[in-house]
Undergrad: 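A single structure is presented below for examination.
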Amino acid sequence: MGSLTNHQNQHDDKSTEQPHVVVIIVPLPAQGHLNQLMQLSCLITSYNIPVYYVGSAIHNRQAKVRINGLSPHDIAKIHFHDLPTPSFASPPPNPNSSNKFPSQLQPAFDATLSLRQPIATYLRDMSSKANRVVVIHDLLMAVVVQDVASIPNAESYVFNCISAFCQFSLNWENKGIPFPIEIPKELPSIEESTSEEIRNFLALQMEPLKYRAGDIYNTCRLTEAPYLDLLASEDETGNMKSWAIGPILPTKFSSANKSSKCLEWLDKQETKSVIYVSFGTTTSLSDEQIEELALGLEQSKQRFLWVLRDADKGNVFDGEVRRAKLPEGYEERVKGVGTVVRDWAPQPEILAHPSTGGFMSHCGWNSCIESIKMGVPIAAWPMHSDQPRNTVLITDILKIGLVVREWTRREELVKASTIENVVKRLMASEEGNEIRKRAEELGATVRQATEEGGMSRVEFDSFIVHITRDNDLLPISSAQHGTQLI
Ligand SMILES: *[C@@H]1O[C@H](CO)[C@@H](O)[C@H](O)[C@H]1NC(C)=O
Ligand SMILES: *[C@@H]1O[C@H](CO)[C@@H](O)[C@H](O)[C@H]1NC(C)=O
């Protein structure tokens, strides 16, 4: 076999050599995680490295139909591998629950635990067809990929789908030691923002996580250097590698859907006049809260684009979805000022649109990095999990947002007057203009970091060089015969 040349002919579409390195992507089946790992897959295929995206048929399909902003040309190069997954319960979310953690997804998460055996078989098969198998998995899929450790020519990396700030704060809290750096305010406890089931599921991953060869972060050193350094300092072996390669979402949208109603509507609005309102795929608001939000947006007299969708079920293709009611005559009343959308929306394109000047968000990490990269300030309304901590990063540390309601008041109904007030502050005040200016400046530097020669791009290139290194590559023939590497 020839020497490894993948990294020497980056972006050369004509290269059709036998794969020396293949990358296997193993996502957690939740939209924000499927999506980030799809973005990573596209980025890796653009370096002419074969990528295999592995999961249940349902979740692979979900990842493909909800493509936001990715190039169809890149996606066409990804190999999707459906694994047999036992059927799992897919209950609807409970909009009335005061704890907003999406417990309805837990059966789908638990079902992934049965993938260990099929993934082990698959990895062994792939390891006989390539010199090196590189597994990149969600932190919450460490149990499932742990057999990597028994395959001589395979290695695994964790792709972190949350902020370095959140990851660092969780790790330090788990160790029960004080934070080594100053944090602007007391952080919400993890018990308050999660479920016991997900904490147990996370605990299962800790032992197998030790087999990983390194960590990849979907964040940028420009925004999170102190936390990335602290995370790196946790490695006592000195062997663990880490790369901060993000935010990896594209900023040029070759797949932009020109016929999207959202973008058509935005085209008719004035520059930076619109607040985009969306709470992601895991938030289900009560009828009362939706009514207050509707009235608050209306009373603010600011332009708004509101994506009103219920939270995902474990199987997003399964049955009816609750269609939340709006106040009588609402859409007629706000016509020309605001619009309510119930379909899947092209969020990155919306945030990149010149008419968008603010984002009311639950602060899931996907939404945060999209907003950071597009330079849009956030009105933060965290719901669960890492979101309250991301809110601290966005509002207190990066200072590119305002809080809609404090976490300590999470069980109270947020009144229309509160919503009206925060929308006015962000969209129509001197304070809001300053926050927007900071967000725009940060966006410009972060975008630059992910372009050729930028900080995050250099780290990604070094990751590619690392996984395609040829110093200890087995020839394919000996890998096939199961020769031990070490
Ligand atoms: C939530 O509460 C409303 C009344 O406020 C009720 O009509 C609805 O059925 C409840 N939904 C669930 C899923 O419990
Ligand atoms: C484009 O948007 C329209 C309207 O929102 C939708 O019906 C259509 O399926 C979208 N096409 C693609 C390729 O996403």
Side-chain angles (χ1 to χ4, degrees), residues 29-32 58-59 62 66 87-111 188 191-201 277-300 304 306-334 338 340-345 360-364 367 379 381-385 387-388 404-423:
Q31 183 59 34
I58 291 167
H59 297 117
Q62 177 182 342
R66 287 182 172 178
S87 65
F88 50 84
S90 182
N94 178 6
N96 300 339
S97 168
S98 64
N99 181 330
K100 289 292 169 198
F101 186 82
S103 296
Q104 78 278 7
L105 299 180
Q106 194 63 45
F109 297 163
D110 291 340
E191 279 76 20
E192 292 165 356
S193 63
T194 56
S195 66
E196 193 180 349
E197 290 76 21
I198 197 70
R199 292 195 297 277
N200 293 339
F201 187 80
V277 181
S278 175
F279 302 106
T281 55
T282 58
T283 300
S284 188
L285 295 175
S286 69
D287 292 345
E288 296 78 20
Q289 188 57 77
I290 287 170
E291 179 165 354
E292 294 294 326
L293 176 55
L295 297 177
L297 291 172
E298 183 181 14
Q299 288 161 16
S300 77
F304 65 88
W306 178 10
V307 177
L308 176 55
R309 290 170 57 85
D310 211 24
D312 281 349
K313 297 200 266 190
N315 178 353
V316 298
F317 305 106
D318 171 32
E320 286 289 294
V321 177
R322 160 175 170 255
R323 190 182 163 88
K325 276 204 294 290
L326 288 166
E328 192 71 25
Y330 182 75
E331 284 172 271
E332 202 46 44
R333 264 191 346 250
V334 298
V340 183
V341 174
R342 308 217 184 217
D343 302 326
W344 184 250
M360 186 181 289
S361 170
H362 63 306
C363 287
S367 291
W381 185 341
M383 302 290 173
H384 62 82
S385 302
Q387 299 159 16
V404 177
R405 72 112 174 75
E406 291 298 337
W407 180 250
T408 49
R409 304 182 64 180
R410 67 194 171 280
E411 293 191 0
E412 298 168 23
L413 190 68
V414 182
K415 292 292 196 185
S417 55
T418 304
I419 294 161
E420 172 193 343
N421 181 40
V422 76
V423 171

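Only a predicted model underlies this, so the values are computations on that prediction, with no experimental measurement involved. Atoms within each ligand, like the ligands themselves, are counted from 1 in listed order.
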Undergrad: Identify the closest protein heavy atom to atom 5 (O) of ligand 1: which residue and atom is it, and at what distance?
TA: Glu288 OE2, 2.9 Å
Undergrad: Is Gln289 close to Thr283 at the side-chain level, that is, under 4.5 Å between some pair of heavy atoms?
TA: no
Undergrad: Keeping the roles fixed (side chain from Glu292, backbone from Ala416), state whether a donor-acceptor pair exists under 3.5 Å.
TA: yes
Undergrad: So, for atom 9 (O) of ligand 1, does the protein have a heavy atom nearer than 4.0 Å?
TA: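 No, there is none.
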Undergrad: Starting from atom 7 (O) of ligand 1, what is the nearest protein heavy atom, named by residue and atom, and what distance separates them?
TA: Asp287 OD2, 4.7 Å
Undergrad: Within the structure provided, determine whether Pro388 and Ser193 are in side-chain contact (heavy-atom separation under 4.5 Å).
TA: yes
Undergrad: Polar contacts were defined as any N/O atom of the residue lying under 3.5 Å from an N/O atom of the ligand; does this apply to Asn96 and ligand 1?
TA: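 Right, the criterion is met.
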Undergrad: Verify the distance criterion only: is there a donor paired with an acceptor across the side chains of Asp310 and Ser284 at less than 3.5 Å?
TA: yes
Undergrad: Any non-hydrogen protein atom below 4.0 Å of atom 14 (O) of ligand 1?
TA: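 It does: a protein heavy atom is found less than 4.0 Å away from atom 14 (O) of ligand 1.
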Undergrad: Between Phe109 and Ile198, is there a side-chain heavy-atom distance shorter than 4.5 Å?
TA: yes
